[in-house]
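Data block below; observations after.
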There are 2 protein chains.
Amino acid sequence: MTLLNVTDISSAACCAPLEREPLGADEAVALANTMKALADPTRLRLLSIVAASADGEACVCDLIEPVGLSQPTVSHHLKILTNAGFLTRSKRGTWAYYRLVPGALGRVGDVLGA
Amino acid sequence: MTLLNVTDISSAACCAPLEREPLGADEAVALANTMKALADPTRLRLLSIVAASADGEACVCDLIEPVGLSQPTVSHHLKILTNAGFLTRSKRGTWAYYRLVPGALGRVGDVLGA
DNA sequence: CAGATCTATCGAAGGCTGTCAATATCGAAT
DNA sequence: ATTCGATATTGACAGCCTTCGATAGATCTG
């Protein structure tokens, strides 16, 4: 399964700020994989919509219309974000609710030297 | 010329922190383009090597061996980083020196809610 | 159980990306 | 002027990504 190297969970907590010292090859790959999860307009919108949702969570059905893509595509993006450690999934009934992982985005921000 | 939507200079200063409010479609595309420039292991290493270099700058010839790729490929990545607003290029003689744009990485970090 | 609904997976199509070898460009030095 | 050295550009190729329609799985309702 190729699929954007899905399975880099929490690689966000990989290393010192970028400007401190040269990244090793492995660290660079790990950080790049994390950034790839964020390097898509739809996924960025999904994250921001989930973050702004009441109770801090949203089901797939809430996300399809705002981003204007098919349901399979939305599920696909949510899976990538979840595997990258930015979202958690919890199923209640037939609905799947997605929620931000606290601090996950912030850790990436820290590495960029904010 | 497709080439990674080269020409999104300084789109890093695009918007409020991701978790504040839903990203508009245009903002999302701009931010994603900026993130795409960072979503590659080689480019991340190039940034960190330049940052750690004496005098804060490095020429292409200094970067080829550390990343282990061909000279055209290194030039290609440097161009993407420059067009994305993370590096500046200054030519002295036959050498091209690259330098970090102060604050560029930090602004991206801020958007991620660091 | 049957039907309806919500979500995930599969398979395919098209476009984009990273990489290289070859070549062009530009400046320096003989 | 010619040659040499450092970068950038071009052209090509393999692999990956986004997207969709079709389908399967799971859960509630009647």
Side-chain angles (χ1 to χ4, degrees), chain A residues 1-8 25 28-29 31-47 50 57-84 87-99, chain B residues 1-8 25 28-29 31-47 50 57-84 87-99:
Chain A
M1 142 134 85
T2 18
L3 198 58
L4 222 182
N5 285 316
V6 158
T7 314
D8 320 329
V29 169
L31 180 54
N33 283 336
T34 297
M35 304 286 299
K36 272 180 202 165
L38 298 177
D40 178 274
T42 300
R43 291 198 285 272
L44 290 172
R45 296 188 74 189
L46 288 172
L47 285 176
V50 168
E57 66 178 9
C59 69
V60 179
C61 58
D62 292 328
L63 300 168
I64 296 173
E65 185 270 335
V67 302
L69 295 174
S70 71
Q71 175 268 314
T73 299
V74 172
S75 281
H76 170 77
H77 286 304
L78 290 169
K79 179 177 186 175
I80 289 174
L81 288 169
T82 301
N83 285 339
L87 292 177
T88 57
R89 189 183 98 116
S90 67
K91 206 169 178 186
R92 290 203 299 279
T94 44
W95 290 269
Y97 290 92
Y98 287 86
R99 182 179 287 276
Chain B
M1 167 170 38
T2 15
L3 195 60
L4 223 182
N5 283 319
V6 158
T7 315
D8 321 328
V29 170
L31 181 54
N33 283 336
T34 297
M35 305 285 301
K36 272 180 203 168
L38 298 177
D40 178 275
T42 299
R43 291 197 285 271
L44 290 172
R45 296 187 73 191
L46 287 173
L47 284 177
V50 168
E57 66 178 8
C59 68
V60 179
C61 59
D62 292 328
L63 300 168
I64 296 173
E65 184 272 335
V67 301
L69 295 174
S70 72
Q71 174 267 314
T73 300
V74 172
S75 280
H76 170 76
H77 287 304
L78 290 170
K79 180 176 185 176
I80 290 175
L81 287 169
T82 301
N83 286 339
L87 291 178
T88 56
R89 190 182 98 116
S90 67
K91 208 168 176 186
R92 291 205 296 280
T94 45
W95 288 271
Y97 290 90
Y98 287 86
R99 181 180 289 276

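For the numbers below, each heavy atom of this structure counts, side chains included, while hydrogens, waters and symmetry mates do not. Here is how names work: the chains are called A, B, and so on, in the same order as the sequence lines, proteins then strands, and each is numbered from 1. Everything numeric here is computed off the predicted structure, so don't read it as measured data.
- In this structure B:Ala58 satisfies the side-chain contact (heavy atoms from CB on, under 4.5 Å) test together with B:Val50, B:Ser53, B:Asp62, B:Leu63, sequence neighbours excluded.
- Put simply, B:Tyr98 has a side-chain N or O that comes within less than 4.0 Å of OP1 or OP2 on D:dA8.
- A search for side-chain contact (heavy atoms from CB on, under 4.5 Å) contacts involving A:Pro41 returns B:Ala28, B:Val29, B:Ala32, not counting sequence neighbours.
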Q: Could you please spell out the steps behind the side-chain contact (heavy atoms from CB on, under 4.5 Å) verdict for A:Gln71 and A:Val74?
A: CA-CA 5 Å; A:Gln71 175 268 314; A:Val74 172; 5.7 Å; no
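- Here B:Ser90 pairs with nothing under the side chain to side chain donor-acceptor pair (under 3.5 Å) rule; sequence neighbours left out.
- Remark: B:Arg43 is in phosphate contact with C:dG18, judged by side-chain N or O atoms under 4.0 Å from OP1 or OP2.
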Please tabulate the protein-to-nucleotide N/O contacts below 3.5 Å involving nucleotides 1-4 of chain C, giving atom names and distances.
none

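- Scored by the side chain to side chain donor-acceptor pair (under 3.5 Å) test, B:Ser70 finds B:Thr73 as partners (sequence neighbours excluded).
- Residues passing the side-chain contact (heavy atoms from CB on, under 4.5 Å) test with A:Thr94, sequence neighbours excluded: none.
- The list of salt bridge (Lys or Arg N to Asp or Glu O under 4.0 Å) pairs with a residue in residues 88-98 of chain B, not counting sequence neighbours, reads B:Glu57-B:Arg92.
- With rounding to whole Å, B:Trp95 atom CH2 is found 11 Å from D:dG5 atom P.
- In terms of phosphate contacts, B:Lys79 brings a side-chain nitrogen or oxygen within less than 4.0 Å of OP1 or OP2 of D:dT9.
- Listed pair B:Arg89 / D:dT7 fails the phosphate criterion, with no side-chain N or O lying under 4.0 Å from OP1 or OP2.
- The phosphate of D:dC20 (OP1 or OP2) has no side-chain N or O of A:His76 nearer than 4.0 angstrom.
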Distances under 3.5 Å only, N/O to N/O: pair up the protein atoms with those of nucleotides 20-27 of chain C.
from	atom 1	to	atom 2	distance (Å)
C:dC20	OP2	B:Ser70	N	2.9
C:dC20	OP2	B:Ser70	OG	2.8
C:dC20	OP2	B:Thr73	OG1	2.7

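- Distance check, rounded to the nearest 0.5 Å: CG of A:Leu47 to CG of A:Leu38 gives 6.5 Å.
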